[in-house]
Amino acid sequence: MPVAVCALSHSPLIGFNHPAKAVEKRVEMAFDQARSFIAEFDPNLVVLFAPDHYNGFFYDMMPQFCIGTHATALGDYNTPAGELSVAKSARTMAKDVLAAGIDIAVSERMYVDHGFSQPLQILFDGLDKVPVVPIFINSVATPLCPVGRIRQLGTAVGHASAHIAEQRVLFLGSGGLSHDPPVPQLENATEEVAARLIDGRNPTPEERARRQARVIASGLELAAGTSSMRPINPEWDRQFLDLISAGELQHVDAWDNAWFAEQAGNSSHEVRTWIAAYAAMAARGNYVINYRFYEPVPEWVAGFAVTTAVSADA
Ligand SMILES: O=C(O)CCc1cccc(O)c1O
Ligand SMILES: [Fe+2]
């Protein structure tokens with residue numbers, strides 16, 4: 001029963017802000033590489049680990065992780081809107097993960113943003129091209145659970161994936177690496193911003209456009225060196241990729257949440273999606289990373305990485 005991994009950064013600023021031509025070309029080649037890897041692997045199920053950015057999940061009921069048994073993409077930035085083709089196995093997997101002692105939330109009406117829709121669009125050319133089990137991982141709404149819990153979640157999902165109908169499972173992680181986009185924080189929010197973090201569903205098109213314009217502008221400022229946001233940290237990113245490559249995921253259990261933000265920006269917690277995907281893979285046996293791409297892209301506010309992995313004993 002073959003399993004594989006693809007993990008990649010996302011940025012909703014792709015297509016809005018343009019880094020140097022050569023950079024865009026290298027990223028496009030990395031996407032090509034990932035697409036041909038996936039086409040060859042030919043998954044009949046994708047388990048997609050991704051975060052949210054106060055579009056689908058809010059503080060009125062914020063789970064640390066949630067499996068969607070039905071999911072709809074909102075279509076923020078230029079990503080497609082519509083339903084994902086959620087596999088029936090989502091229910092089986094929720095049951096198995098809970099039985100393993102991981103208290104995952106379940107949603108029959110999961111709303112997801114570019115964190116989920118962008119990798120599906122880039123890698124599969126649409127939201128409904130492949131059966132998917134969508135798993136949300138809180139990566140911005142503090143307080144966050146210890147990162148070791150995410151490794152355990154991934155491990156439980158990996159074990160559960162061995163007991164479903166689909167035989168060729170791709171674990172897909174979406175997010176990271178180091179980056180610090182202007183996502184508001186509840187702790188120091190104005191009343192107006194707090195209200196939108198607590199229960200900000202269905203903003204008006206004007207509100208959404210204003211927010212997106214602010215994030216787009218922040219990318220240009222970061223690239224121009226006129227930003228107060230934390231810079232991308234290529235050294236932190238390299239160490240993270242080295243750790244994943246070495247299969248030494250257990251080290252993340254010692255990582256302190258505050259340390260992530262200090263070293264690599266508040267949104268670096270999105271690497272939780274990578275940790276879950278690779279832990280799921282590790283639960284199915286040793287793996288080897290057969291493709292690794294990295295490039296810091298300030299215009300997109302992203303330490304941009306793409307990796308793929310196969311079973312070592314395949
Ligand atoms: O719209 C938002 O709130 C944040 C958007 C955003 C920007 C850069 C990198 C990301 O990973 C990301 O999600
Ligand atoms: Fe993100």
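Keep in mind that this is a model prediction, so the values were computed, not measured. Order of appearance sets the numbers: ligands from 1, and atoms from 1 within every ligand.
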What protein heavy atom lies closest to atom 13 (O) of ligand 1? Include the residue and the distance to one decimal.
His53 NE2, 2.6 Å
State plainly whether the residues Arg91 and Asp96 are in salt-bridge range, i.e. N to O under 4.0 Å.
no
With respect to atom 10 (C) of ligand 1, which of Arg214, His179, Arg208, Gln118 exhibits the smallest heavy-atom separation?
His179
Ligand 1 versus [X]: contacting region, heavy-atom distance under 4.0 Å:
X	result
Gln212	neither
Tyr77	side chain
His114	side chain

Side-chain donor-acceptor pair present, [X], [Y], cut-off under 3.5 Å:
X	Y	answer
Arg208	Asn202	no
Tyr111	Asn55	no
Ser311	Arg284	no
His114	Thr79	no

Using the salt bridge (Lys or Arg N to Asp or Glu O under 4.0 Å) criterion, which residues pair with Asp32? Sequence neighbours excluded.
Arg35
At a 4.0 Å threshold, what atoms of ligand 1 neighbour a non-hydrogen atom of [X]?
X	answer
Val301	8 (C), 9 (C)
Val183	3 (O), 4 (C)
Trp300	8 (C), 9 (C)

Show which side-chain atoms of residues 192-201 pair as donor or acceptor with protein atoms under 3.5 Å away, not counting sequence neighbours.
{"from": "Asp199", "atom 1": "OD1", "to": "Arg201", "atom 2": "NH1", "distance (Å)": "3.0"}
{"from": "Arg201", "atom 1": "NH1", "to": "Asp60", "atom 2": "OD2", "distance (Å)": "2.8"}
{"from": "Arg201", "atom 1": "NH2", "to": "Asp60", "atom 2": "OD1", "distance (Å)": "3.2"}

Residue pair Phe57 / Met110, side-chain heavy-atom distance below 4.5 Å:
yes
Is His53 close enough to the Fe ion (ligand 2) that one of its N, O or S atoms comes in under 2.8 Å?
yes
Got an N, O or S from His10 under 2.8 Å of the Fe ion (ligand 2)?
yes
Run the contact test for Pro12 against ligand 1 with a 4.0 Å cut-off on heavy atoms, strictly below, and give the result.
yes
Which atom name would you report as the N, O or S atom of Glu270 nearest the Fe ion (ligand 2)?
OE2
